[in-house]
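Notes follow once the structure below has been shown.
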Number of protein chains: 2
Amino acid sequence: MNDLPIRILIADDHPVVRAGLRAVLETEPGFSIVAEAATAERAVELAAAGGTDVVLMDLQFGGGMNGSQATAAITARPGAPRVLIVTTYDTDADTLPAIEAGATGYLLKDAPPEDLAAAVRTAAAGRTTLAPAVADRLMNRLRAPHTSLTRRETEVLTLVAEGLSNQRVSERLHLTQATVKSHLAHIYAKLGVDSRTAAVAAALGLGIIRR
Amino acid sequence: MNDLPIRILIADDHPVVRAGLRAVLETEPGFSIVAEAATAERAVELAAAGGTDVVLMDLQFGGGMNGSQATAAITARPGAPRVLIVTTYDTDADTLPAIEAGATGYLLKDAPPEDLAAAVRTAAAGRTTLAPAVADRLMNRLRAPHTSLTRRETEVLTLVAEGLSNQRVSERLHLTQATVKSHLAHIYAKLGVDSRTAAVAAALGLGIIRR
DNA sequence: GGGCGTCTCCACCTTTTGATCGATGCCCGG
DNA sequence: CCGGGCATCGATCAAAAGGTGGAGACGCCC
C-alpha cells in the first residue's frame with residue numbers, strides 16, 4: 001500500500017451527511033478529506049481541478065445535475081479520480097445509470113464505518129466494492145431475462161403511473177389509443193403482469209420508474 | 001437561557017448520520033451528546049433512563065419499531081424528554097403519525113447546521129420548529145377538506161396498489177366484488193379521481209399509502 | 001331513540017381495458 | 001441487403017372496471 005494519504009472529495013447536499021462522512025473517515029488513518037461539494041456541479045468542478053483520488057458521491061441532490069450525471073462527467077476525463085457512490089436508498093433506476101456512468105463502487109449510507117473505510121481503500125486501488133443489497137439485485141438482473149423497457153414504453157408507463165387513461169396518454173404523446181394499447185401489451189409481457197396497476201406496482205418495485 | 005448544556009440523545013440507524021449530527025452539534029456551545037442509539041427500541045430504553053433533554057429521532061430504522069412508535073413510547077412517560085424528528089424524506093404518511101405521537105419538531109436532514117442547532121434549543125424550551133416544507137404541507141392539510149380514508153378503504157387501496165384486481169382483493173379480504181367496488185367508488189370520490197391507477201398515484205402523492 | 005358513519009352486498013348498465021389477430025415504415029448492424 | 005427490434009396504427013371480441021341507485025346491519029354518540 002502507498003504511504004501517501006488517499007485524497008477524498010465529499011459530494012452531498014446534506015451538511016449533516018458531509019460532516020458524518022468526514023468524522024468517520026478522519027478517525028481512520030491514511031485518509032485526507034481535501035474538499036466538500038454541496039452540489040453535483042461543484043463536485044465536477046473540484047474533481048476536474050485534480051488533487052483528488054476518490055470522490056464520495058451522493059445520487060440525489062436538491063436540484064440540477066444528479067449524481068449519475070456528475071459521475072459521468074467526472075469519469076469522462078483522463079486521469080479522473082475514482083467515484084464511489086454513497087447513497088441512502090437503492091433502486092435499479094439509480095444503480096444502473098450510476099454504474100454505467102463509471103462509478104467504481106456503490107455503498108449504502110447505513111454501512112458501518114469500517115466498511116466505508118475499506119470501500120474507499122478498495123476504490124482508490126481501482127477495484128470495486130458493492131453493498132450486498134446492490135450486488136444481489138445486480139445478480140438477479142443478469143440472471144433474469146431482460147426486463148428492460150424501451151424509451152417509448154417507459155414514457156407510456158410513466159404517464160400510466162400518474163393515473164392517466166389510455167385516452168389521455170395518447171393525447172399527451174400524440175398517438176392513437178391503438179398504439180398506447182400496443183405499448184402496454186408489450187409492457188405487461190415484459191413485466192409478467194396483466195393490468196396497468198400491476199405494471200405500475202412492478203415497475204416501482206424494480207425501480208424502472210420513479211414515484 | 002440556561003447555563004447547563006442541553007443533553008442530547010441521537011437515535012438513527014446510520015452510523016454516518018449519527019457521526020454527522022454529533023460533529024455538527026459538538027461545534028456549537030451548550031450541547032452535550034450523552035448517548036447514541038442505532039435502533040428505535042434502544043432509543044426508548046435510553047430515553048426512559050433519564051438524563052436526556054432532547055432526542056434527535058430518525059423515522060426509518062432498518063427493522064422493528066419505527067421512529068413514530070418510538071416517539072409515542074418516549075413521550076408517554078411523565079417528565080419525558082422532547083423529541084425532535086430529523087429525517088431525510090418527508091411524506092404525510094410519516095409526518096402526521098410522528099406529530100400525533102408527540103414530536104416537538106420536525107426537521108429534514110438537509111437543514112444547515114445553524115438551523116439544526118436552533119431547532120434543538122427551541123425544542124429544549126418546549127417549543128416547536130417545523131421545516132418549511134413540512135409546515136407548508138400541514139397548512140394545506142388543514143385547509144383542504146379531509147381526504148382521510150377509513151381503515152377498510154385503506155386496506156383495499158393498499159392491495160390495489162400492489163396490482164391486484166377487484167377479484168383478488170375480494171378474495172384476500174373475504175368480501176364480494178360488489179363490496180370492493182363500493183369501497184373503491186368511495187375512495188375515488190374522496191381522492192377526486194376516476195380510476196384505480198389514478199387513485200394509487202394520488203394516494204402515494206399524499207402519503208396515504210406507502211409503496 | 002334517532003341520526004350518522006362504516007361496512008357489507010345487490011342489480012343493471014356503460015365505459016375502459018386487455019387479448020388477439022393483424023399491418024406498415026424505420027433504422028441499425030451483421 | 002436482409003433480419004430484427006422498434007414504433008406506429010387497425011379491428012374485433014371478451015373481460016374488467018366504473019357509475020348509478022339502492023339496502024340492511026352494526027356501533028356510537030347525543
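Just so it is clear, the values below take in all heavy atoms, side chains as well, and ignore hydrogens, waters and symmetry mates. In the text below, chain A, chain B and the rest are named by the order of the sequence lines, each starting its count at 1.
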Checklist entry - Hey, does the side chain of A:S32 reach the backbone of A:I6 with a donor-acceptor pair shorter than 3.5 angstrom? => result no
Item to check | Note, A:V44 side chain near A:Q69 side chain (heavy atom, < 4.5 Å) | outcome: no
Item to check | Closest to side chain of A:A178, choosing from D:dC9, D:dT8, C:dC7 | outcome: D:dC9
Checklist outcome for this item: In whole angstroms, the gap separating C1' of C:dT6 from CZ of B:R151 amounts to 12 Å
Next on the checklist: Students often get this wrong, so: under 4.0 angstrom with heavy atoms, is B:H186 touching a base, only sugar-phosphate, or nothing?
Outcome noted: nothing
Item to check | Gap between atoms NZ and C1', on B:K190 and C:dC7 respectively (whole Å) | outcome: 12 Å
Next on the checklist: Given D:dG10, C:dC7, D:dT8, identify the nucleotide with an atom nearest to the side chain of A:T179.
Outcome noted: D:dT8
Checklist entry - Between B:Y188 and B:R196, is there a donor-acceptor pair closer than 3.5 Å when you use the side chain of the first and the backbone of the second? => result yes
Next on the checklist: Walk along nucleotides 14-29 of chain C from 5' to 3' and tag each nucleotide B, S or - by protein heavy-atom contact under 4.0 Å, base first, then sugar-phosphate.
Outcome noted: ---BBB----------
Next on the checklist: Whole angstroms only, please: what is the CD-C1' distance between A:E155 and D:dT8?
Outcome noted: 14 Å
Checklist entry - Does B:T176 put a side-chain nitrogen or oxygen below 4.0 Å from OP1 or OP2 of C:dT8? => result no
Checklist entry - A:R18 side chain to A:D12 main-chain N or O, any donor-acceptor pair under 3.5 Å? => result yes
Checklist entry - When you look at CZ of B:R152, are more than 12 heavy atoms from neighbouring residues, nucleotides or ligands closer to it than 6.0 Å? => result yes
Checklist entry - D:dG19 P sits how many Å from B:I187 CD1, rounded? => result 12 Å
Checklist entry - So, does A:T158 use its side chain to make a donor-acceptor pair with the main chain of A:T154 at under 3.5 Å? => result yes
Item to check | Gap between atoms NE2 and P, on A:H174 and D:dA7 respectively (whole Å) | outcome: 17 Å
